[in-house]
Amino acid sequence: MSQPSPTLAVRVASKRTEALDICSLELVAADGTTLPAFTAGAHIDVHLPGGLVRPYSLCNPPSDTGRYVIGVLRDAHSRGGSVAVHDAVSEGTVLQISPPKNHFPLAPDADHHLLLGGGIGITPLLAMAEHLASQGESFELHHSTRSRERTPFTQRLATASFARHVHHHFDDGHDTQKLDIAATLKKTSPGTHLYVCGPQGFMDAVLGAARAQGWPEQRLHHEYFSAAPVDTAGDGSFELEVASTGQVIAVAPAQTALQALLAAGFDIPMSCEQGVCGTCLTGVKAGTPEHRDHYLTPEEQAANDQFLPCCSRAKSGRLVLDL
Ligand code: FES
């Protein structure tokens, strides 16, 4: 069985209102030491009051060694993570976090980087913009939001050294300033890499437009931070077999594979529980998963040698897991 993931203790050094329903937390090591280095696009898993664990992208410059900054949208429809940050965390609160992990890195060989953020999805792109600007690399950042009052980090972006590369688009503004996804994608050179983060509808629109224009998958980089609810009404039962021991675990229709594994005593790392963060990724040695995640690429899903048990199920009656 896997070991529990290590955690770090951090203290909330400051909590700021960044926009309507959006706050940022500046986290420093609780013992006053430095924090592990991170690269642009990385996130941390934050253990919140109430027991939830949620992933949040780091949005400060990766050159910072003494702090992590995260931005959090209060989402009334969430399962409690964002509300806990807004209501139960304040300056001085000590939290446990995971070390930074990066499933959304910058491509080292891009001629140009096109960063498209929807709403709070700007956070990993902020760290990317900071890094790219510090390296003198070619990039542009487009931020699409519902309105100016719901747009976080405007002051920081307005005063950044790279402000001329930043474009704001407001849904309630004039048509001429709204984000024209297809036109923005079309204007780029063949060596451009696309990075997109935001609500699922925004991400689906951007990635769909890019694929329709023939962008190859290796130039598309994305990070979902939440997923739309899946209709689970038709879900059936299936079995998981533990390859190392032969143990068979039944997954009931109303249960996720992850819940069944946890109930059987397996300590599978997890965070988002929505198939977007990749934390629970588990190898599959036999059987066919029914992939429901937004983390694996279409090619990785087609290989059927790994799946995300927090959301994905099985097309075959049994999956043999690399555990
Ligand atoms: Fe995030 Fe499964 S816990 S993908």
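Keep in mind that the numbers below use all heavy atoms, side chains included, and drop hydrogens, waters and symmetry copies. Index from 1, following the sequence. One-based numbering, in listed order, for ligands and for the atoms of each.
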- Message: Among E18, H168, E149, which residue satisfies the side-chain contact (heavy atoms from CB on, under 4.5 Å) criterion with T154?
- Response: H168
- Message: Out of all atoms in ligand 1, which are within 4.0 Å of some heavy atom of S271? Include the element for each.
- Response: 3 (S)
- Taking atom 4 (S) of ligand 1 as the reference point, the nearest protein heavy atom with its distance: G278 N, 3.2 Å
- Task: Describe, in one word, how the ring planes of H165 and F139 are oriented to each other, choosing from parallel (under 30°), tilted (30 to 60°) and perpendicular (over 60°).
- Result: tilted
- By number and element, which atoms of ligand 1 are closer than 4.0 Å to a non-hydrogen atom of L308? 4 (S)
- Within a distance under 4.0 Å of any heavy atom of C277, pick out the atoms of ligand 1 and give their elements. 1 (Fe), 3 (S), 4 (S)
- When K315, R318, R313 are each screened for side-chain contact (heavy atoms from CB on, under 4.5 Å) with F238, the one that passes is R313
- Evaluate the side-chain proximity of V72 to I120: yes if any heavy-atom separation is below 4.5 Å, no if none is. no
- Query: From atom 2 (Fe) of ligand 1 out to just under 2.8 Å, does an N/O/S atom of C272 turn up?
  - Reply: no
- Message: Just to be sure I read this right, does ligand 1 sit under 4.0 Å from the backbone of V276, its side chain, both, or neither, counting only heavy atoms?
- Response: backbone
- Are H169 and H143 near enough that their ring centres are under 6.0 Å apart? no
- Query: Is ligand 1 under 4.0 Å from a heavy atom in the side chain of E273, in the backbone, in both, or in neither?
  - Reply: backbone
- Message: Could you tell me, atom by atom, which parts of ligand 1 come under 4.0 Å of a heavy atom of G275?
- Response: 4 (S)
- Message: Quick check on atom 1 (Fe) of ligand 1: does C310 put an N/O/S atom closer than 2.8 Å to it?
- Response: no
- Task: Report yes if the distance between the aromatic ring centroids of H103 and Y295 is under 6.0 Å, otherwise no.
- Result: yes
- Message: Regarding C280, does it place an N, O or S atom less than 2.8 Å from atom 2 (Fe) of ligand 1?
- Response: yes
- Measure up the H193 and H221 rings against each other and bin them: parallel (under 30°), tilted (30 to 60°), perpendicular (over 60°). parallel
